[in-house]
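I have placed the structure first, in the form of structure tokens, so that the comments after it can refer back to it.
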Amino acid sequence: PSANTTAQARGTLLGAALGDALGARFEGEDVVGGPSLVAHDRAAEPLRYTDDTAQTIVLARHLVQRRDRAPVDEDALATDLARAWQAEPWRGYGAGSRQVLELVAAGVPWPEATRACFGGHGSYGNGAAMRVAALALIATSLTHAAQLADRTAKVTHAHQHGREGAELQACAVFLALHSDPVRPLDRDHYLDELSRALPSTSWHGRIDQIRAMPPTASPSYAASLLGNDATAIRSVPMALHSFLRYPDHPAEAIRYAIRAGGDTDTIASMAGALAGARTGIHGLPVTWLERLENADRIRALADRLAPRIPRT
Ligand code: 8NA
Ligand code: MG
Ligand code: MG
Ligand code: MG
């Protein structure tokens, strides 16, 4: 791998982990004030990540372990996720994911377990979208990124919106990764490509809302339009907007996402993956990386996946 692909793989996974770990302390708060964020930003204590990163690691490791075989094995992935939950149930899993993984751990096949969730509708939470970053590293096209995302999403999220949120985030990371870092990101072209990648109309309205957002929109104003909760349709768009606001400054994209409140760890994690994919690890603050829990393990996984980033 070139120095650049290694830097970008690291930026993708560590950007996701940093957003999660920085946002975790504010999860569920309506408004996150600048001063409390600044204090947290500059503190010296370790940055501990949550379920978002725990599951991102599971997916990255799954891809590494499968090497030359088909990259995603749904049954094995469901088991891997269930084991990670069993090993660290205190990471802060969503209620639906917890229920599914508990059933899978007890031997229930995932197609049945996922349908048992939310009165048979399946989850439309953002839990499948928040963990997809590594898929963008090995995807060979936008369509491939969406396919891989759907295959990994459905083992916990049966609802169409939960799955499509994962597709959108994986496609968005893929495009960020393959964007030309020397030129300013073409926001309209980026959103056009995403619209084309997502056949379902329920997401097109969201993408149009991102496009129409005034360049100076405050985080709370953006959240009032795009949402900031733990559902996929009301969080992936906010993460995308945060990235498009600061495509070349992962720390600013992460701070903006956190200041929007609500599902701060998850939205900041998705924004961090997007911006980190574009800038590479050099865009991430060293002071944050030094505080991040298990940063070495995450970096090592990125280094295993970097050679698989296709040349475009
Ligand atoms: P999930 O499946 O529980 O979905 C997240 C939430 O979305 C649910 O708890 C429901 O409120 C809502 N939801 C999803 N599907 C439906 C449905 N069919 N009908 C009605 N409501 C629905 O779990 P997940 O893994 O998708 O969620 C990921 C989130 O959980 C992330 O934010 C992650 O950080 C973690 N988490 C979230 C919170 C929070 O909600 N503030 C707190 C701790 C942890
Ligand atoms: Mg979390
Ligand atoms: Mg589909
Ligand atoms: Mg969350």
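Both counts, for ligands and for their atoms, begin at 1 and track the order of listing. In this text, all values refer to a predicted model and were calculated from it rather than measured experimentally.
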Verdict with supporting geometry, S269 and D52, side chain to side chain donor-acceptor pair (under 3.5 Å): CA-CA 7 Å; S269 178; D52 307 58; 5.0 Å; no
Report yes if some N/O of [X] lies less than 3.5 Å from some N/O of ligand 1; otherwise report no.
X	answer
G96	yes
G127	yes
S123	yes
T266	yes
D51	yes

In one Ile/Leu/Val/Met/Phe/Trp/Tyr side-chain cluster, 4.5 Å: V236, I267: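 Yes, V236 connects to I267 through the hydrophobic network.
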Under a heavy-atom criterion of less than 4.0 Å, does [X] contact ligand 1?
X	answer
H157	yes
G122	yes
G92	yes

Candidate pair H144 and F174, rule ring-ring contact (aromatic ring centres under 6.0 Å, His included), full reasoning: CA-CA 10 Å; H144 191 216; F174 178 85; 8.7 Å; no
Total protein N/O/S atoms whose distance from the Mg ion (ligand 2) is less than 2.8 Å: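 Counting protein N, O and S atoms closer than 2.8 Å to the Mg ion (ligand 2) gives 4.
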Whether F118 and Y124 hold their rings parallel, tilted or perpendicular, with breakpoints at 30° and 60°: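 Aromatic pair F118/Y124 classed parallel.
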Verify atom 21 (N) of ligand 1: protein non-hydrogen atom under 4.0 angstrom away: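 Yes, there is a protein heavy atom closer to it than 4.0 Å.
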Audit row: T156, R131, side chain to side chain donor-acceptor pair (under 3.5 Å) steps and yes/no: CA-CA 12 Å; T156 49; R131 67 185 181 218; 2.8 Å; yes
Best match, [options]: closest heavy atom to [atom]:
atom	options	result
atom 10 (C) of ligand 1	Y93, Y49, F118	F118
atom 23 (O) of ligand 1	G23, G94, A54	G94
atom 14 (C) of ligand 1	G125, A153, A166, A232	G125

For ligand 1, indicate whether the residue [X] contacts it via side chain, backbone, both or neither (heavy-atom separation under 4.0 Å).
X	value
E27	side chain
D265	side chain
D52	side chain

Option from H157, R163, E164 for which side-chain hydrogen bond (donor to acceptor under 3.5 Å, both in side chains) with Q160 holds: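 Exactly one pass, corresponding to E164.
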Any idea which protein heavy atom is nearest [atom], and the distance to it?
atom	result
atom 12 (C) of ligand 1	T231 CG2, 4.2 Å
atom 5 (C) of ligand 1	A230 O, 3.6 Å
atom 28 (C) of ligand 1	N126 OD1, 3.1 Å
atom 32 (O) of ligand 1	D263 OD2, 2.5 Å
atom 17 (C) of ligand 1	Y124 CE2, 3.3 Å
atom 25 (O) of ligand 1	S97 OG, 2.5 Å

Subset of ligand 1 atoms that lie under 4.0 Å from at least one heavy atom of A95: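 Answer, ordered by atom number: 3 (O).
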Could you verify whether a donor N or O on one side chain and an acceptor N or O on the other, from [X] and [Y], lie under 3.5 Å apart?
X	Y	result
Y49	N294	yes
W85	D51	no
T279	D248	no
D192	S195	no
E74	W110	no
S235	N126	yes

Atom pair CG (L59) and CG (L305), whose distance is rounded to the nearest 0.5 Å: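 Between L59 CG and L305 CG, I get 10.0 Å after rounding to 0.5 Å.
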Centroid-centroid distance, Y256 to F243, less than 6.0 Å: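 No, the ring centres sit 6.0 Å or more apart.
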Sequence-distant partners of D229, salt bridge (charged side-chain N to carboxylate O under 4.0 Å, His left out), two or more places apart: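 In terms of salt bridge (charged side-chain N to carboxylate O under 4.0 Å, His left out), with neighbours along the sequence ignored, D229 is linked to R234.
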D180: side-chain contact (heavy atoms from CB on, under 4.5 Å) partners, not counting sequence neighbours: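 Partners of D180 by the side-chain contact (heavy atoms from CB on, under 4.5 Å) criterion, ordered by chain and then number, come out as V182, R183.
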Pairing residues for H159 by the side chain to side chain donor-acceptor pair (under 3.5 Å) criterion, not counting sequence neighbours: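 Side chain to side chain donor-acceptor pair (under 3.5 Å) check on H159 returns nothing, list empty.
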